Enquirer: 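Questions regarding the structure given below will be posed in turn.
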Amino acid sequence: MQFELKHTAVGTKARAGFITTDHGTVETPIFMPVGTAGSVKGIHKRDLKDDIKAQIILGNTYHLYLRPGLSIIEQAGGLHKFNGWDGPILTDSGGYQVFSLGDIRKLSEEGAKFQSHIDGSAHLFTPEKVMDIQRVIGADIIMAFDECTPGDAEYDYARKSMEMTQRWLDRCINQFEKTSPMYGYSQSLFPIVQGAVYPDLRETAARNVLQYNSDGYAIGGLSVGESEKDMYAMIEVVNEILPEDKPRYLMGVGTPVNILEGIERGIDMFDCVMPTRNGRNGMLFTQKGIMNMRNKKWADDFSLVDIDGTSFVDHHYSRAFLRHLVISGEMLGAQIASQHNLAFYLWLVGEARKQILANTFTSWKEEMVQQLSVRL
RNA sequence: GGGGAGAUACCAAAGUGGCCAACUGGGGCAGACUGUAACUCUGCUGGCGUACGCCUUCGUAGGUUCGAAUCCUGCUCUCCCCA
């Protein structure tokens, strides 16, 4: 994997670049749709590519390991062959599940013991095992196994957690170097910077990852309960330290505003379930603000879903019909909303890129931020 | 024509003397959702009020009682069975 930094907007940290993998090139800043179980929920790959213009998607180690299981994925020839997405893929390591499945997992120095959310069976994830699994899944970019520290963690817990993530990273790197890609294309391993909301911990963690000279670096443990102010402050602390010539991935973020704020602070890659999950729950993100399609006000609004939108669905369905679908629990409602939201997110980062290249990012971003959180 | 059952809020359906403005489900209205245990979760849903509260409700008209959705009587309507 190669990263080419093409331009940094004058007077800002906002950057535009290219990430080149063996499955194609990604223009940054980029948003990566989340396809936890190998599919971006409700979206055909044709629409993902041609309509939404996704360039890279996510998969999840924990979920794919549990189902369909490694044997099937290996027989398929890796995740790309299995799900039919021939562009770049990134897999998360299961570190987030250490956080989100808190009730049914046990942490130790060795790793994390999970109880499957599917059948309750016990599974041990160690840094080594997570590397092996991600070799089998075969994503272009794979993530280190970390503990995603909760946003409200006390200093002492956050420090110990961050230090364990560092030791786990060392084991991940070792295992990664001992093993090889299985399907004839290369894989890159991204370390993850933790440290909760404590600047000195973030600084320590950011300096620690530099020793590995990785192809890219991620910032994790944000948007997990801390304030947005803290989140932005942590991004600033970490990006001050991460090298300019490597991509920076802000994990799990976020709202359209969060993404613009992240880009302004030098982030290149984002992923979030928000456009798909909130879409399934009836929420639409648009340039003019947020629409809750379940609200009665849309019931007789026969105008197009989003006149400014770039997606097919924006111009071929009315708001009234979409509301009817959402209210009725029709599958198509969730699909339309997801497709719209993803297309909007990809439009947003694509437009940000243009503005960066034209050195007009800051003023454009300020204007967008005003609009984006308006409730329509 | 004979026998039986029943009428409760938008719908369905509990409640059969005070703990009832009335369980519960649906529907409706609103909110949440950030590296997906999520097409999920939460709140509200007679009127007025921020609220303690006040007012009007359980087919309808009367009655019994300190007190009635609950007991009694008349009326209206619905459903089921037999002819």
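Treat the numbers as computed from the prediction; the structure is a model and nothing was measured. Here is the naming used below: chain letters follow the sequence lines, and residue numbers restart at 1 for every chain.
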Enquirer: Using purine N1 to pyrimidine N3 plus N6-O4 or O6-N4 for Watson-Crick, or N1-O2 and O6-N3 for G-U wobble, both under 3.5 Å, which nucleotide pairs with rA9(B)?
Expert: none
Enquirer: Measure up the His23(A) and Tyr185(A) rings against each other and bin them: parallel (under 30°), tilted (30 to 60°), perpendicular (over 60°).
Expert: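 Perpendicular: the ring planes of His23(A) and Tyr185(A) meet at over 60°.
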Enquirer: In terms of side-chain geometry, is the basic nitrogen of Arg135(A) or Asp132(A) positioned less than 4.0 Å from the acidic oxygen of its partner?
Expert: no
Enquirer: Any base atoms under 4.0 Å from Glu330(A), or only sugar-phosphate, or nothing? Heavy atoms, all strands.
Expert: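 No contact.
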Enquirer: Indicate the ring-plane relationship of Tyr65(A) and Phe125(A), choosing parallel, tilted or perpendicular according to the 30° and 60° boundaries.
Expert: perpendicular
Enquirer: Do Thr91(A) and Gln134(A) have a side chain donor and acceptor closer than 3.5 Å?
Expert: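 Side-chain D/A pair, Thr91(A) to Gln134(A): present.
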Enquirer: Parallel, tilted or perpendicular: which fits the ring planes of Trp347(A) and Phe344(A), with parallel below 30° and perpendicular above 60°?
Expert: parallel
Enquirer: Please give the distance between the C1' atoms of rU40(B) and rG49(B) as a whole number of Å.
Expert: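 Per the computed distance, 35 Å lies between those C1' atoms.
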Enquirer: In whole Å, measure the gap between the P atoms of rG17(B) and rA68(B) for me.
Expert: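 To the nearest whole Å, 14 Å.
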Enquirer: Is the backbone N or O of Thr362(A) less than 3.5 Å from a side-chain atom of Gln355(A), with the two atoms forming a donor-acceptor pair by type?
Expert: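 Between the backbone of Thr362(A) and the side chain of Gln355(A) there is no qualifying donor-acceptor contact (under 3.5 Å).
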Enquirer: Using a heavy-atom cut-off of under 4.0 Å over every strand shown, decide if Asn295(A) touches base, sugar-phosphate, or nothing.
Expert: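 Result for Asn295(A) = sugar-phosphate.
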Enquirer: Which is true for Gly221(A) with a 4.0 Å heavy-atom rule: it touches a base, it touches only sugar-phosphate, or it touches nothing?
Expert: base
Enquirer: How about Gln97(A) and Asn60(A): does a side-chain donor come under 3.5 Å of a side-chain acceptor?
Expert: yes
Enquirer: Is it true that a side-chain atom of Tyr183(A) and a backbone atom of Val136(A) form a donor plus acceptor pair closer than 3.5 Å?
Expert: yes
Enquirer: Taking any heavy-atom pair under 4.0 Å as a contact, classify Leu90(A): base, sugar-phosphate, or nothing.
Expert: nothing
Enquirer: Can you tell me the Watson-Crick or wobble partner of rU34(B), both distances under 3.5 angstrom?
Expert: none
Enquirer: Give a yes-or-no answer on whether the side chains of His80(A) and Asp140(A) include a donor-acceptor pair shorter than 3.5 Å.
Expert: yes
Enquirer: Taking pairing as Watson-Crick or G-U wobble with both contacts under 3.5 Å, can you name the mate of rA21(B), or confirm there isn't one?
Expert: none
Enquirer: Applying the Watson-Crick and G-U wobble criteria at under 3.5 Å, what pairs with rG62(B)? Answer none if nothing qualifies.
Expert: rC72(B)
Enquirer: Let me confirm one number: the CH2-CG distance from Trp298(A) to Leu376(A), rounded to the nearest 0.5 Å.
Expert: 5.5 Å
Enquirer: Distance check, P atoms only: rC58(B) and rG63(B), in whole angstrom units.
Expert: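 Going atom to atom, P in each nucleotide, I get 16 Å.
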Enquirer: Strictly by Watson-Crick or wobble contacts shorter than 3.5 Å, is anything paired with rC44(B), and which nucleotide is it?
Expert: rG28(B)
Enquirer: What distance, rounded to whole Å, do you find between the two C1' atoms, one in rU8(B) and one in rG25(B)?
Expert: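 It comes out at 16 Å once rounded to the nearest Å.
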Enquirer: Please state the P separation for the pair rC20(B) and rC82(B) - nearest whole angstrom.
Expert: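 About 43 Å, rounded to a whole number of Å.
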Enquirer: Please classify the nucleic acid contact of Gln115(A) as base, sugar-phosphate, or nothing, using heavy-atom distances under 4.0 Å.
Expert: nothing
Enquirer: So what does Asn278(A) hit on the nucleic acid, given a heavy-atom distance under 4.0 Å: a base, only sugar-phosphate, or nothing?
Expert: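 Counting heavy atoms under 4.0 Å across all strands, the contact made by Asn278(A) includes a base.
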Enquirer: Regarding Asp103(A), tell me which of base, sugar-phosphate or nothing describes its non-hydrogen contacts under 4.0 Å with the strands shown.
Expert: nothing
Enquirer: Could you tell me whether Ser116(A) contacts a base, only the sugar-phosphate backbone, or nothing, with contacts defined as non-hydrogen atoms closer than 4.0 Å?
Expert: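 The residue Ser116(A) makes no contact with any strand.
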Enquirer: Which part of the nucleic acid, if any, lies within contact of Arg105(A), taking any heavy atom under 4.0 Å across all strands shown: a base, the sugar-phosphate backbone alone, or nothing?
Expert: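 Arg105(A): no heavy atom of the nucleic acid under 4.0 Å.
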Enquirer: For RNA chain B, whose closest nucleotide is more 5', that of Gln97(A) or that of Ser223(A)?
Expert: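 Taking each residue's closest nucleotide, the earlier one in sequence belongs to Ser223(A).
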Enquirer: Using the heavy-atom set of chain A and a strict 4.0 Å cut-off, write down the first and last nucleotide of RNA chain B that makes it in, 5' to 3'.
Expert: rG28(B) to rU40(B)
Enquirer: Sticking with atom C1', work out how far rG26(B) lies from rU34(B), rounded to a whole angstrom.
Expert: 32 Å
Enquirer: On RNA chain B, compare the nucleotides closest to Lys296(A) and Met331(A); which residue's is nearer the 5' end?
Expert: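 Between the two, 5'-proximity favours Lys296(A).
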Enquirer: Does rG1(B) pair with anything, Watson-Crick or G-U wobble, both distances under 3.5 Å, and if so, with which nucleotide?
Expert: rC82(B)
Enquirer: Expressed as a whole number of Å, how far does the P atom of rU65(B) sit from that of rC81(B)?
Expert: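 It works out to 42 Å between them.
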Enquirer: Please report the distance separating the P of rG27(B) from the corresponding atom of rG3(B), rounded so that it comes out in whole Å.
Expert: 43 Å
Enquirer: Donor-acceptor pair, distance only, cut-off 3.5 Å: does the side chain of Asn83(A) make one with the backbone of Trp85(A)?
Expert: yes
Enquirer: Need one value for Ile118(A): base, sugar-phosphate or nothing, where a base atom within 4.0 Å counts as base even if backbone is also close, heavy atoms only.
Expert: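 Here Ile118(A) touches no strand at all.
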Enquirer: Which part of the nucleic acid, if any, lies within contact of Glu226(A), taking any heavy atom under 4.0 Å across all strands shown: a base, the sugar-phosphate backbone alone, or nothing?
Expert: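 Result for Glu226(A) = nothing.
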Enquirer: Quick one, which residues of residues 18-51 of chain A touch RNA chain B with a heavy atom under 4.0 Å?
Expert: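 Going residue by residue through residues 18-51 of chain A, the ones with a heavy atom under 4.0 Å of RNA chain B turn out to be Val34(A), Thr36(A), Lys41(A).
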